[in-house]
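Step one of this worksheet: look at the structure below.
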Amino acid sequence: MATTRTAHTVWEGNLLEGSGEVSFDSSGIGSQPVSWPSRAEQANGKTSPEELIAAAHSSCFSMALSHGLAGAGTPPTKIETRADVTFQPGTGITGIHLTVEGTVPGIDAESFAAAAEDAKKNCPVSQALAGTTITLDAKLA
């Protein structure tokens with residue numbers, strides 16, 4: 001069964017001086033302020049589209065990797081993934097770098113790296129972002 005998740009943003013003013021608030025409608029977890037300076041300069045307590053993409057990618061990748069490892073008979077104890085999304089004003093998103101560390105009993109570093117590469121290639125968020133260069137560092141804890 002397909003699912004749809006919804007968020008919405010209310011923006012007021014122009015790009016450089018305006019601001020907005022993104023609301024997480026499906027989960028009801030609240031709203032977060034967003035502005036151009038939080039995107040192109042320092043976050044200063046506000047989020048950005050790139051941070052939201054990083055959250056989506058790190059969680060999707062972690063789920064895909066966990067599933068792949070379990071399917072191979074080596075379920076992980078812990079997967080910790082960081083996604084760094086780089087934004088260049090005037091150009092856009094120029095890359096995403098995933099860094100993952102896993103605690104996986106009964107697996108060697110080479111097999112873990114291969115499973116991580118497979119998750120990077122096949123997680124739905126990676127597939128949705130296929131037009132962006134995605135790099136990966138994977139290691140066992």
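Rounded to the nearest 0.5 angstrom, Ser48 OG and Ile53 CD1 are separated by 8.0 Å. Taken to the nearest 0.5 Å, the CD atom of Glu101 stands 6.5 Å off from the CD atom of Glu80.
Within the structure, ring-ring contact (aromatic ring centres under 6.0 Å, His included) contacts touching residues 52-79 (residues at least two apart or in different chains) do not occur. Judged as a ring-ring contact (aromatic ring centres under 6.0 Å, His included), not a single pair has a partner in residues 90-141 (not counting sequence neighbours). The salt bridge (Lys or Arg N to Asp or Glu O under 4.0 Å) analysis of residues 13-27, with sequence neighbours excluded, yields no pairs. For residues 85-96, the set of pairs meeting the salt bridge (Lys or Arg N to Asp or Glu O under 4.0 Å) definition, not counting sequence neighbours, is empty. Screening residues 105-118 for salt bridge (Lys or Arg N to Asp or Glu O under 4.0 Å) gives Glu117-Lys120 as the qualifying pairs, with residues at least two apart or on separate chains. Applying the salt bridge (Lys or Arg N to Asp or Glu O under 4.0 Å) test to pairs two or more places apart or on separate chains, those with a residue in residues 26-40 are Arg39-Glu50. Among residues at least two apart or in separate chains, there is no ring-ring contact (aromatic ring centres under 6.0 Å, His included) pair with a member in residues 122-141.
Applying the side-chain hydrogen bond (donor to acceptor under 3.5 Å, both in side chains) rule to Ser26 yields no partners; only residues at least two apart in sequence or on another chain are considered. Residues passing the side-chain hydrogen bond (donor to acceptor under 3.5 Å, both in side chains) test with Thr47, sequence neighbours excluded: Glu51.
In the displayed structure, Gln42 atom CD is contacted under 6.0 Å by at most 12 heavy atoms of other residues, nucleotides or ligands.
In the hydrophobic clustering, where aliphatic and aromatic side chains (Ile, Leu, Val, Met, Phe, Trp, Tyr) are joined below 4.5 Å either directly or transitively, Val34 groups with Trp11. Through direct or indirect side-chain contacts shorter than 4.5 Å among Ile, Leu, Val, Met, Phe, Trp and Tyr, Phe24 is connected to Val22, Ile29, Leu52.
Under the 3.5 Å distance criterion, the side-chain polar atoms of Ser62 are matched with a main-chain donor or acceptor of Ser58. Within the 3.5 Å criterion, the main-chain N or O of Ala55 finds a donor-acceptor partner in the side chain of Ser59. Side chain of Thr103 to main chain of Thr77: no donor-acceptor pair is present (N/O by atom type, distance under 3.5 Å, no hydrogens or angles).
In the hydrophobic clustering of this structure, Val125 does not group with Met63; members are Ile, Leu, Val, Met, Phe, Trp, Tyr whose side-chain heavy atoms approach within less than 4.5 Å, directly or through other members.
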Donor-acceptor pairs are to be reported for all side-chain atoms of residues 86-96 against protein atoms at under 3.5 Å, with residues two or more places apart or in another chain.
none

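Of the options Leu136, Leu65, Asp84, a side chain to side chain contact (heavy atoms under 4.5 Å, CB included) to Leu98 is made by Leu136 and by none of the others.
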